[in-house]
Amino acid sequence: MEKYAPHEIEKKWQQKWAEEDACRTEMDPKKEKYYVLEMFPYPSGNLHMGHVRNYSIGDVLARYKRMAGYNVIHPMGFDAFGMPAENAAISHGVRPADWTYSNIENMTRQQKEMGLSYDWDREVETCRPDYYRWTQWLFELFYKRGLAYKKEASVNWCDTCGTVLANEQVIEGRCWRCDSEVHKKQLSQWFLKITDYADELLKDLALLPGWPERVKIMQDNWIGRSEGLEFSLDVPALGEKIPVYTTRPDTAFGVTFLALAAEHPLVAKICENNPKADEIKAFCEKARNQSEMERTSSESEKEGIFTGLSCVNPFNGKEVQIWVTNYVLAEYGTGAVMGVPASDQRDWMFATKYGIPKILTIQPPGRTLSLDEMTEAYVEKEGSLINSGRFDGMEMHDAIKAIIDEAEAKGFGKRRVNYRLRDWLISRQRYWGAPIPIIHCEKCGPVLVPEEDLPVKLPENVKFEQGAVSPLAQCEDFVRCTCPKCGGPAHRETDTMDTFICSSWYYLRYTDAHNDQAPFDKDKANYWAPVDQYIGGIEHAILHLLYSRFFTKVLRDAGLVNFDEPFTNLLTQGMVIKDGGKMSKSKGNVVSPEEIIAKYGADTARLFILFAAPPERDLEWSDQGVEGAFRFLARVWRIVLPFAEIVKAAADHYDVSALTKEEKELRRILHVTIAKVTEDIEQRFTFNTAISAVMELVNAFYPFQDKEGVNPGLVREVVLSLVKLLAPFAPHITEELWSHVGEGSVHAQPWPGYDEAAMAQDEVEIVLQINGKVRDRITVPAGLDKQAAEKAALGQPRVQQYTDGKTIVKVIAVPDKLVNIVVK
RNA sequence: GCCGAAGUGGCGGAAUUGGCAGACGCACUUGACUCAAAAUCAAGCGGUUUAACCACCGUGCCGGUUCGAGUCCGGCCUUCGGCACCA
């Protein structure tokens with residue numbers, strides 16, 4: 001017998017599969033489909049262990065589902081636009097396209113070396129004109145539906161990347177990609193109106209029982225729905241009204257000031273003819289220059305300036321001072337807030353600092369607060385109203401309703417729902433992205449590039465320089481054009497789209513990757529999509545996973561797809577860590593997949609990574625664990641091959657009743673294993689326990705290699721099942737072994753079924769407990785009833801020893817498990 | 001501050017419905033094979049105690065429910081992750 005030599009085997013079968021197009025799938029409405037998708041990678045140049053883990057999990061599912069009889073689509077592609085390509089252009093002078101395509105080539109080679117069962121014919125690369133043509137087409141669709149607009153706004157700007165960022169891409173005030181501090185800039189930018197779908201995006205989380213709870217909670221928090229009252233306060237001196245939003249209308253009688261955001265539009269008018277105008281303007285300027293971190297940290301100082309003006313609280317007619325502050329957010333609600341120091345901690349701190357009065361309007365149940373003794377605001381949502389005129393004594397939740405009703409009845413306010421979610425800022429002042437297909441005409445304003453002129457291709461004659469403005473804006477040939485509407489001189493939009501747009505619809509393009517008439521054919525998309533099982537990192541919990549949901553809903557409303565949600569089930573895999581931390585170049589703890597595959601082969605790499613931890617948890621890399629996985633595969637090799645002749649000669653059907661006791665036990669273990677592996681893959685995704693079950697089967701089978709005259713029918717059953725059970729995890733070695741024992745490809749075999757009857761035991765060991773402590777074990781016939789088990793237990797000498805001279809209070813018997821005797 | 005997840009041998013982990021804690025693997029120890037080593041095969045492997053059996057202790061901590069708790073309930077502690085002036 002030859003030794004297990006993974007490299008020859010793997011290369012051989014990878015070639016064969018490629019030649020035979022083994023993973024190619026076609027739409028077939030008669031067959032039930034299954035869509036397995038792993039998040040497509042950014043072409044950084046090399047696969048890392050996180051990719052290996054992601055793809056190994058997906059490949060097990062894809063291969064299993066194929067064997068289970070589904071028409072499986074399992075595609076791969078590249079999320080190929082983005083900053084690093086442009087940075088390479090700046091620092092190394094390579095063209096972003098060349099850099100990207102050579103990385104894709106290398107990573108594709110690495111993916112192929114892993115033996116992943118992708119239908120490469122469906123591959124998409126988002127930076128190719130035949131893909132971004134349709135990204136642009138979809139932008140136009142959004143535009144026509146009123147979901148894309150350009151507006152001047154205070155936006156997040158990253159100096160290092162030289163571009164604006166979406167809210168979702170700012171993490172603790174820093175850029176998600178380069179970690180440099182983000183600051184606000186007033187710019188005119190393109191947005192997608194995701195807020196139009198805020199309510200549905202929130203509500204439909206309920207349609208996703210197959211998503212991890214924490215991802216749904218994160219999206220829920222991010223959307224941040226709140227219900228409350230919007231009402232206006234008159235400013236008699238200006239003849240204006242200031243609308244405010246509050247979730248605590250019950251505290252409306254406690255308002256002692258009105259707080260405006262420094263960016264509030266009314267600030268300019270307040271400054272007209274105002275003796276404090278210079279001071280106010282200086283304050284606003286200072287607030288605007290504070291970093292995101294300084295302004296949004298809850299610990300930072302609340303500052304403000306009195307405008308000298310007042311407005312009127314419509315609920316009680318009282319005058320309240322108008323202040324401009326640094327802690328009210330311009331973008332949320334109305335950019336103005338009613339200040340209630342007694343019921344809001346921020347307002348409390350602000351009022352204390354500036355000597356603004358406080359009025360207590362809520363008393364908690366069971367105790368009496370007084371302002372003199374309070375050191376902080378009472379913010380609990382419990383209690384009843386005081387100092388609130390006609391609402392005094394009312395329970396606060398009832399008061400919320402009553403007060404909103406009154407505001408609506410009197411016409412100065414209305415019920416309102418607010419979201420934390422903001423519209424998606426999609427403009428990027430960068431080159432390597434899909435150009436926004438808009439032409440700016442002096443006469444006609446912004447005009448869509450006609451559909452037949454798409455794609456708006458990226459020009460190639462551009463310069464890349466550190467710190468320069470977008471290369472596209474400097475490219476005269478690109479910028480200058482004529483208006484499609486009036487034919488007059490015009491200029492192109494030079495911003496490109498956020499790459500998250502490209503990745504918001506790629507899973508649909510896979511269903512019809514070569515279509516040059518439409519982004520995808522409706523029937524094909526509706527057959528294959530939604531994705532049945534999506535697998536990827538938790539880092540996309542909000543970003544990509546929220547954007548894709550938004551896209552899907554818009555496409556549904558446009559009649560392009562007939563489902564509400566893109567990803568029916570989601571599995572968020574844990575990180576691969578080593579020495580307690582995430583693998584990273586800076587920590588120097590990186591293990592390269594290429595090295596591992598070169599040393600042990602892809603099957604070992606896959607098996608280790610699937611065995612070391614359940615998919616959702618972080619996985620600690622262990623070089624010795626990899627050795628163990630390799631040893632196991634070699635063990636399988638050694639147990640299967642010597643039986644090849646027997647297996648080939650034996651018949652499929654054999655007389656089970658003729659098996660010896662040991663043989664029968666082996667067959668029992670086999671069927672238990674099949675059931676266990678099937679359940680673990682199908683329902684729990686616990687590949688670690690599935691693999692351990694196969695190891696136990698191999699351990700049970702091992703002694704049989706030395707035995708004479710083992711039943712050939714049983715040997716055949718065990719060997720063929722074993723190879724099939726392991727096939728999704730280690731596709732190459734199993735294919736090689738299959739070529740010695742079976743016909744065709746193992747991956748085209750039906751998944752083995754199990755026989756409940758074979759799983760049954762004749763005898764079982766039960767535990768005998770005295771007061772819950774295990775004192776003995778006995779073997780009894782399976783299915784022995786309670787009385788008989790009890791009797792057998794009480795007859796045991798060890799049991800008698802413990803019960804002797806004591807009173808038996810109670811006996812609990814659980815058939816096939818235990819007998820517990822309670823004594824006193 | 002709010003929300004969430006987790007805490008089990010030397011290590012990764014298992015115990016799916018409240019019923020034998022530690023499956024499987026790694027590491028380690030011993031034996032076989034070998035001139036020797038590696039590989040392989042066989043056996044052992046939570047702690048205290050013991051020649052051995054036995055016994056006692058043991059799933060972050062304190063308490064509760066139960067014949068029986070890693071699992072359920074109440075109260076903490078620690079670690080990690082997310083959100084964080086959203087009115």
Side-chain angles (χ1 to χ4, degrees), chain A residues 3 171-172 212-218 220-222 224-226 228 244-248 251 259 295-302 325-329 331-340 343-347 349-350 379 418-422 538-539 541-542 574-575 607-608 611-614 616-629 631-632 634-635 638 676 679-680 683-684 686 688-696 698-699 702-703 705-706 765-777 798 809-814 816-823:
Chain A
K3 257 179 80 175
I171 294 140
E172 290 185 1
E213 210 54 39
R214 61 174 177 148
V215 173
K216 288 189 278 185
I217 289 167
M218 282 162 77
D220 193 320
N221 290 341
W222 187 261
R225 183 180 196 273
S226 75
V244 297
Y245 171 74
T246 180
T247 55
R248 295 295 304 274
T251 65
R295 281 192 73 175
T296 59
S297 160
S298 50
E299 274 111 68
S300 64
E301 190 83 345
K302 280 137 194 60
T325 71
N326 68 347
Y327 76 92
V328 172
L329 301 172
E331 311 91 52
Y332 183 79
T334 62
V337 167
M338 64 179 204
V340 187
S343 296
D344 182 283
Q345 187 54 25
R346 293 155 298 185
D347 295 346
M349 284 154 64
F350 189 77
V379 297
N418 242 312
Y419 298 94
R420 220 186 63 113
L421 182 73
R422 309 290 150 78
I538 186 80
E539 66 273 16
I542 291 166
M575 285 186 304
L607 193 79
F608 165 72
F611 177 64
E616 307 241 39
R617 245 199 264 187
D618 284 352
L619 181 154
E620 175 79 31
W621 184 265
S622 153
D623 291 329
Q624 284 147 340
V626 178
E627 293 270 358
R631 272 204 295 267
F632 170 67
R635 197 165 149 88
R638 286 192 303 270
K676 167 86 178 152
E679 193 198 319
D680 281 354
Q683 278 151 44
R684 304 203 310 151
T686 49
N688 54 332
T689 51
I691 292 167
S692 73
V694 177
M695 287 172 169
E696 285 180 81
V698 170
N699 292 347
Y702 231 69
Q705 64 187 324
D706 303 324
E765 192 183 64
I766 63 167
V767 167
L768 306 184
Q769 296 179 329
I770 310 293
N771 292 344
K773 280 187 197 272
V774 180
R775 295 299 181 187
D776 204 1
R777 290 147 213 272
R798 295 239 336 127
V809 182
K810 200 172 179 184
V811 180
I812 294 109
V814 181
D816 291 349
K817 286 226 164 102
L818 59 80
V819 177
N820 186 14
I821 298 150
V822 186
V823 297

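Here is the naming used below: chain letters follow the sequence lines, and residue numbers restart at 1 for every chain. The structure presented is a predicted model; accordingly, all values stated were derived computationally and were not measured.
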Query raised in the report: Around A:Arg214, counting heavy atoms of other residues, nucleotides and ligands shown, do more than 12 lie under 6.0 Å from its CZ?
Result: no
Just jot down the salt bridge (charged side-chain N to carboxylate O under 4.0 Å, His left out) partners of [X], sequence neighbours excluded, or say none.
{"X": "A:Glu765", "value": "none"}
{"X": "A:Glu620", "value": "none"}
{"X": "A:Arg422", "value": "A:Glu331"}
{"X": "A:Arg225", "value": "A:Asp199, A:Glu227"}

Query raised in the report: Toward the 5' end of RNA chain B, which comes first, A:Asp347 or A:Leu619, by nearest nucleotide?
Result: A:Leu619
Query raised in the report: Mind checking what makes side-chain hydrogen bond (donor to acceptor under 3.5 Å, both in side chains) contact with A:Asp776, not counting sequence neighbours?
Result: none
**Report entry** side-chain hydrogen bond (donor to acceptor under 3.5 Å, both in side chains) partners for A:Asp344, two or more places apart
**Finding:** A:Arg346
Report task. Going 5' to 3' through nucleotides 23-28 of chain B, assign each nucleotide B (protein heavy atom under 4.0 Å from a base atom), S (under 4.0 Å only from sugar-phosphate atoms) or - (no protein heavy atom that close). Result -> BBSSS-
Query - Contacts of A:Ala336 that satisfy side chain to side chain contact (heavy atoms under 4.5 Å, CB included) - sequence neighbours left out - result: A:Ile242, A:Val244, A:Leu260, A:His264, A:Thr334
Query - Those residues that, when tested against A:Glu539, pass side chain to side chain contact (heavy atoms under 4.5 Å, CB included) (two or more places apart) - result: none
Report task. Please report the C-alpha distance between A:Met695 and A:Phe611 in whole Å, then the side-chain angles of each, then the deciding distance to 0.1 Å, and finally whether the side-chain contact (heavy atoms from CB on, under 4.5 Å) criterion is met. Result -> CA-CA 11 Å; A:Met695 287 172 169; A:Phe611 177 64; 3.9 Å; yes
Please tabulate the protein-to-nucleotide N/O contacts below 3.5 Å involving nucleotides 44-47 of chain B, giving atom names and distances.
none

Query - Under-3.5 Å donor-acceptor pair between A:Lys676 side chain and B:rU16 base - result: yes
Report task. Please confirm whether any donor atom in the side chain of A:Asn820 sits under 3.5 Å from an acceptor in the base of B:rC67, or the reverse. Result -> yes
Query - Nucleotide pairing, RNA chain B (Watson-Crick or G-U, distances under 3.5 Å), in dot-bracket with [ ] and | - result: (((((((..(((......[....))).(((((.......))))).(((......)))..(((((..]....))))))))))))....
Report task. Measure from NZ or CZ of A:Arg635 to the centre of the six-membered ring of A:Tyr702, then state whether that distance is under 6.0 Å and the direction lies within 45° of the axis. Result -> yes
Please list, pair by pair, any protein nitrogen or oxygen found under 3.5 Å from a nitrogen or oxygen in nucleotides 30-34 of chain B.
none

